[in-house]
Novice: 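Let me begin by handing over the structure; questions about it come next.
Letters A, B, ... are given to chains in the order of the sequence lines, protein chains preceding strands, and every chain is numbered from 1.
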There are 2 protein chains.
Amino acid sequence: MSSTKDQIIVLADELMRSKGYNAFSYSDISKPMGIKNAAVHYHFPTKPDLALAIVKYHSDSFDRFTERVAEKEALSKIKFFLNFYTSIQLTGRICVIGAFATDWNAMNEEIQEAMSAFTDNVIKWLTTTLNEGNSSGTIHLSDSAESEALSILTNIFAATQLSRITGSDHFAAIKQNILTRITH
Amino acid sequence: MSSTKDQIIVLADELMRSKGYNAFSYSDISKPMGIKNAAVHYHFPTKPDLALAIVKYHSDSFDRFTERVAEKEALSKIKFFLNFYTSIQLTGRICVIGAFATDWNAMNEEIQEAMSAFTDNVIKWLTTTLNEGNSSGTIHLSDSAESEALSILTNIFAATQLSRITGSDHFAAIKQNILTRITH
DNA sequence: GTCTATATTCCGATAGAC
DNA sequence: GTCTATCGGAATATAGAC
């Protein structure tokens with residue numbers, strides 16, 4: 001049981017990450033939900049309001065993710081992170097970071113700031129986790145932890161994009177390459 | 001001196017890679033060029049025609065690039081390739097691969113096939129070049145050449161996206177990380 | 001909180017003159 | 001090859017009843 005408002009966010013997020021922000025409309029949300037355009041506008045008066053809600057949705061989801069894996073070993077945390085992207089790829093979507101980056105100049109400042117804060121959070125978590133694993137010996141770093149974090153993040157989120165164009169085999173190869181790199 | 005048609009393609013490409021395909025309109029092209037909507041439609045009857053022209057434009061540009069560097073040493077080729085992305089980043093745009101990937105499900109089959117062929121070409125060139133450098137000893141590979149090619153490509157094209165959100169320092173770090181990886 | 005109805009604007013696209 | 005003029009449609013958004 002989730003509220004109409006929550007259902008709208010989930011659906012809008014799916015649309016955003018499959019067709020792009022400017023390719024979906026309020027009726028793409030209202031029709032499959034069996035409600036009217038005006039009902040969506042009641043919950044989210046403007047489309048930027050909807051975009052902002054999508055950012056917050058991902059920000060909250062990521063916070064829950066980090067809490068869920070907090071007690072696990074570092075390399076295991078990274079694997080859970082990468083497996084999350086596998087589920088994105090399997091459903092034909094792309095990572096929210098790339099989706100917003102592409103439409104960046106069509107977004108207002110409030111949305112941009114929320115996305116920046118969220119993305120910085122992801123990078124910080126990756127950096128900290130890589131350092132953890134490096135200290136305990138399960139992860140091997142050949143550059144600074146932050147540089148490796150940026151490398152891994154761009155690898156995996158771009159892999160969801162690239163595999164749309166060239167096929168899912170490339171996603172698997174990129175994911176494996178990351179694991180090979182940090183464990184050798 | 002370039003034709004109106006060529007100027008339209010260049011401008012449409014800039015718009016596509018700064019605002020996204022569905023965020024720019026025919027008047028975004030005609031107004032700055034000082035012509036009318038109908039003139040753009042004369043050269044490109046439909047918007048998908050314009051998108052297809054953008055793909056061909058990049059495909060031709062890439063072919064000219066590979067010819068230009070053909071006689072250079074492998075590591076030097078890779079550096080030219082990465083420097084090309086630096087110029088993309090400096091102008092605030094993103095790589096065309098990511099731009100089309102995000103709007104993938106809003107594109108017709110003809111465009112998708114052209115983009116797939118172009119992207120495969122880029123991957124093949126990277127793979128061949130990495131093998132070249134590995135044989136001559138200037139490039140170090142710790143995985144298959146194709147996996148490393150995919151890793152480098154996703155790193156650098158996603159870096160143009162990520163740096164929009166978190167700043168240009170991250171682009172520099174990712175680029176440096178690639179070079180460190182293949183030379184150590 | 002959802003509805004009907006509608007306002008407004010913009011977009012992609014076309015016809016026909018020059 | 002570019003223009004004026006315009007069409008049809010879709011999109012965001014709002015007013016007011018229920």
Novice: For residues 95-107 of chain B, which residue pairs qualify under side-chain hydrogen bond (donor to acceptor under 3.5 Å, both in side chains), counting only residues two or more places apart or in two chains?
Specialist: A:Thr102-B:Thr102

Novice: With a 4.0 Å heavy-atom cut-off, tell me which residues in residues 30-39 of chain B come close to DNA chain D, sorted by residue number.
Specialist: B:Gly34, B:Ile35, B:Lys36, B:Ala38, B:Ala39

Novice: Tabulate below the donor-acceptor pairs under 3.5 Å that side-chain atoms of residues 30-45 of chain A make, not counting sequence neighbours, or state none.
Specialist:
from	atom 1	to	atom 2	distance (Å)
A:Ser30	OG	A:Tyr26	O	3.3
A:His41	ND1	A:Pro45	O	2.8

Novice: Could you check whether any side-chain N or O of B:Glu110 sits under 3.5 Å from a backbone N or O of B:Leu52, counting only pairs where one atom can act as donor and the other as acceptor?
Specialist: no

Novice: Quick one: is the NZ or CZ of B:Lys47 closer than 6.0 Å to the six-membered ring centre of B:Phe24, and within 45° of its axis?
Specialist: yes

Novice: Is there a ring pair (Phe, Tyr, Trp, His ring centres under 6.0 Å) between A:Phe81 and A:Tyr85? Walk through the geometry before answering.
Specialist: CA-CA 7 Å; A:Phe81 181 76; A:Tyr85 278 85; 5.2 Å; yes

Novice: Strictly below 4.0 Å: does B:Thr4 bring a side-chain N or O up to OP1 or OP2 of D:dG1?
Specialist: no

Novice: Relative to each other, are the rings of A:Phe118 and A:His58 parallel, tilted or perpendicular (30° and 60° limits)?
Specialist: tilted

Novice: In whole Å, I'd like the distance from the OH atom of B:Tyr42 to the C1' atom of C:dG16.
Specialist: 15 Å

Novice: Below 4.0 angstrom, which residues in residues 16-29 of chain A have at least one non-hydrogen atom near DNA chain C?
Specialist: none

Novice: So does B:Ser147 get a backbone contact from the side chain of B:Ser151, meaning a donor-acceptor N/O pair under 3.5 Å?
Specialist: no

Novice: To the nearest angstrom, how far is A:His41 atom NE2 from D:dA13 atom P?
Specialist: 6 Å

Novice: Of the residues in residues 46-57 of chain A, which ones touch DNA chain D at a heavy-atom distance under 4.0 Å?
Specialist: A:Thr46, A:Lys47

Novice: Return the value, rounded to whole Å, for the distance between atom CD1 of A:Ile8 and atom C1' of C:dT2.
Specialist: 11 Å

Novice: Could you tell me whether the side chain of A:Arg17 and the main chain of A:Arg93 form a donor-acceptor pair under 3.5 Å?
Specialist: no

Novice: Any side-chain to backbone donor/acceptor pair from A:Arg164 onto A:Gly92? Under 3.5 Å, distance only.
Specialist: yes

Novice: Do the side chains of B:Phe157 and B:Phe80 join up, straight or via other hydrophobic residues, at under 4.5 Å, putting them in one cluster?
Specialist: yes

Novice: B:Asp60: what forms a side chain to side chain contact (heavy atoms under 4.5 Å, CB included) with it, not counting sequence neighbours?
Specialist: B:Arg64

Novice: Using whole Å, report how far NE2 of B:His43 lies from P of C:dA13.
Specialist: 16 Å

